[in-house]
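Okay, structure first, notes after.
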Amino acid sequence: MRRCLLLLCFLTFLCTCARAQGPVSGFPTPKGETAIAISYSKENYDNYFLPDNGEENREIETISYSLFVETGVSDNMSLIATLPWMQINEDEGSLQDASLWLKYMNLEKRSGRSANRVFTSVGLSLPVGNYETMGNTALGQRATVFQGRLVYQFQHDDGWFLHGQTGIDFQISPEAQSSWPLLLRTGYGGKFFYTEAWIEFVTALESGSGVQGAAAGTGSSWRRLGGTFYVPVTRWAGLNLGAAWVLGGEFIGESSRLNLGFVFKLGTGK
């Protein structure tokens with residue numbers, strides 16, 4: 001029963017990774033199993049946050065589709081890959097930045113009816129599309145970014161959990177930039193549904209040049225709040241609905257986002 005609960009919670013998280021939170025969860029992937037998530041999201045804003053409490057009016061709508069794959073290569077290690085496609089307003093859409101991650105469970109310690117887990121993960125994000133990089137409707141900066149994460153999760157057998165992760169994002173090109181992410185999450189998963197709430201903080205460690213884009217500019221900082229609701233369709237597949245809101249920041253839109261996703265598992269069939 002505990003194995004099924006962890007799988008349900010883990011698969012739910014995969015659909016929330018597109019353009020927020022990052023792809024690293026607090027649930028392990030069993031060796032030989034592969035989880036695949038396909039998601040759709042729509043994001044809108046008409047107000048763009050600038051430094052020193054400045055704001056700018058814009059009319060931005062982003063449509064995106066994303067593919068997420070995580071496969072267990074050992075009892076403690078998994079590989080993660082992501083690939084998004086995005087379109088801004090009526091502009092031509094394109095593949096954006098793909099990423100590849102290595103995730104390792106350093107610690108799993110049970111105490112009574114609960115478990116403590118610690119993970120470390122490193123990832124590299126690279127541009128794969130020949131998309132526009134300048135202007136208010138730019139999809140991104142074609143940046144190469146190294147990312148590192150330290151993750152802690154407390155999981156109770158009744159289904160509820162507490163999660164926290166932090167680390168560093170270091171942009172290597174087209175210019176050197178770094179930021180500090182912090183993610184806090186809590187949720188509950190049972191036999192018939194799963195729900196969670198999360199809050200994300202990203203703080204730029206350098207001011208940057210402020211190159212603008214539809215989603216965020218160079219040197220962006222933000223605070224984002226979100227939630228997810230999931231229902232299993234079978235033991236190996238399910239559907240989820242999620243939403244997120246940017247509460248404030250610099251060089252980022254005051255956006256609201258709705259996402260839908262389908263998740264399924266390949267592997268042992270257990």
Side-chain angles (χ1 to χ4, degrees), residues 1-30 33-45 61-70 80 82 84-86 114-115 117 119 151-165 181-202 215 222-247 253-266:
M1 177 65 184
R2 183 170 67 245
R3 179 184 175 88
C4 293
L5 174 61
L6 293 180
L7 176 62
L8 182 147
C9 297
F10 168 65
L11 293 179
T12 302
F13 175 80
L14 303 186
C15 279
T16 69
C17 70
R19 301 185 62 231
Q21 299 181 259
V24 182
S25 75
F27 301 101
T29 303
E33 293 190 4
T34 298
I36 301 173
I38 301 170
S39 63
Y40 161 86
S41 69
K42 182 178 181 180
E43 189 167 7
N44 297 274
Y45 71 85
E61 179 180 87
T62 303
I63 300 295
S64 62
Y65 299 88
S66 65
L67 173 67
F68 179 105
V69 180
E70 179 162 359
I80 303 168
T82 70
W85 182 95
M86 296 173 58
S114 64
R117 296 192 186 91
F119 296 83
V151 179
Y152 168 77
Q153 181 153 304
F154 175 86
Q155 177 77 44
H156 197 276
D157 290 351
D158 286 341
W160 60 272
F161 68 92
L162 300 172
H163 174 104
Q165 66 172 273
L182 175 64
L183 174 66
L184 303 174
R185 177 187 293 112
T186 185
Y188 168 81
K191 182 178 180 180
F192 299 109
F193 74 94
Y194 167 96
T195 187
E196 69 169 26
W198 53 266
I199 187 166
E200 176 192 46
F201 304 87
V202 174
W222 65 81
R223 302 180 300 280
R224 192 187 327 243
L225 181 69
T228 301
F229 185 79
Y230 171 92
V231 290
V233 178
T234 70
R235 292 184 61 191
W236 54 270
L239 301 170
N240 90 318
L241 171 68
W245 300 267
V246 172
L247 305 178
E254 189 180 8
S255 65
S256 59
R257 186 183 72 245
L258 179 68
N259 62 273
L260 302 169
F262 175 69
V263 189
F264 58 97
K265 182 191 72 169
L266 304 174

Check whether Thr186 reaches the backbone of Phe161 with its side chain - one donor and one acceptor, N or O, closer than 3.5 Å.
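Between the backbone of Phe161 and the side chain of Thr186 there is a qualifying donor-acceptor contact (under 3.5 Å).
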
Gln165 (side chain) donor-acceptor with Val24 (main chain) under 3.5 angstrom:
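Yes; judged by distance alone, with no hydrogens or angles, the pair exists.
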
Hey, what do you get for [atom1] ([X]) to [atom2] ([Y]), rounding to the nearest 0.5 Å?
X: Ser41; Y: Leu260; atom1: OG; atom2: CG; result: 9.0 Å
X: Leu258; Y: Tyr40; atom1: CG; atom2: OH; result: 8.0 Å
X: Arg117; Y: Phe119; atom1: CZ; atom2: CZ; result: 6.0 Å
X: Lys265; Y: Thr29; atom1: NZ; atom2: OG1; result: 10.5 Å
X: Phe68; Y: Ile38; atom1: CZ; atom2: CD1; result: 13.0 Å
X: Thr228; Y: Arg185; atom1: OG1; atom2: CZ; result: 7.5 Å

Should Leu183 and Trp198 be marked as a side chain to side chain contact (heavy atoms under 4.5 Å, CB included) after you check the CA-CA gap, both sets of side-chain angles, and the distance that decides it?
CA-CA 7 Å; Leu183 174 66; Trp198 53 266; 4.2 Å; yes

Do [X] and [Y] have side chains that get closer than 4.5 Å, going by heavy atoms?
X: Lys42; Y: Glu61; value: yes
X: Asn44; Y: Thr62; value: no
X: Ser64; Y: Pro84; value: no
X: Leu67; Y: Ile36; value: yes
X: Glu70; Y: Glu33; value: no
X: Glu43; Y: Tyr45; value: no
X: Gln155; Y: Phe27; value: yes
X: Ser39; Y: Asn259; value: no

Criterion side-chain hydrogen bond (donor to acceptor under 3.5 Å, both in side chains) on Trp222 and Glu200, from CA distance to verdict:
CA-CA 8 Å; Trp222 65 81; Glu200 176 192 46; 3.1 Å; yes

On a heavy-atom basis, which atom in [X] and which in [Y] lie closest, and how many Å separate them?
X: Val151; Y: Gly26; value: CG1-CA, 4.3 Å
X: His163; Y: Ser25; value: CE1-C, 4.0 Å
X: Gly164; Y: Leu184; value: CA-CD2, 4.2 Å

Step by step, work out the side chain to side chain contact (heavy atoms under 4.5 Å, CB included) result for Leu239 and Val233.
CA-CA 7 Å; Leu239 301 170; Val233 178; 4.0 Å; yes

May I have the step-by-step check of side chain to side chain contact (heavy atoms under 4.5 Å, CB included) for Val69 and Ile80, ending in yes or no?
CA-CA 6 Å; Val69 180; Ile80 303 168; over 6 Å; no

Ring-plane angle category for Phe193 and Phe229, please: parallel below 30°, perpendicular beyond 60°, tilted otherwise.
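Phe193 vs Phe229 ring planes: parallel.
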
Ring centres under 6.0 angstrom apart (Phe154, Trp160):
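Yes, they do, as the ring centres are separated by less than 6.0 Å.
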
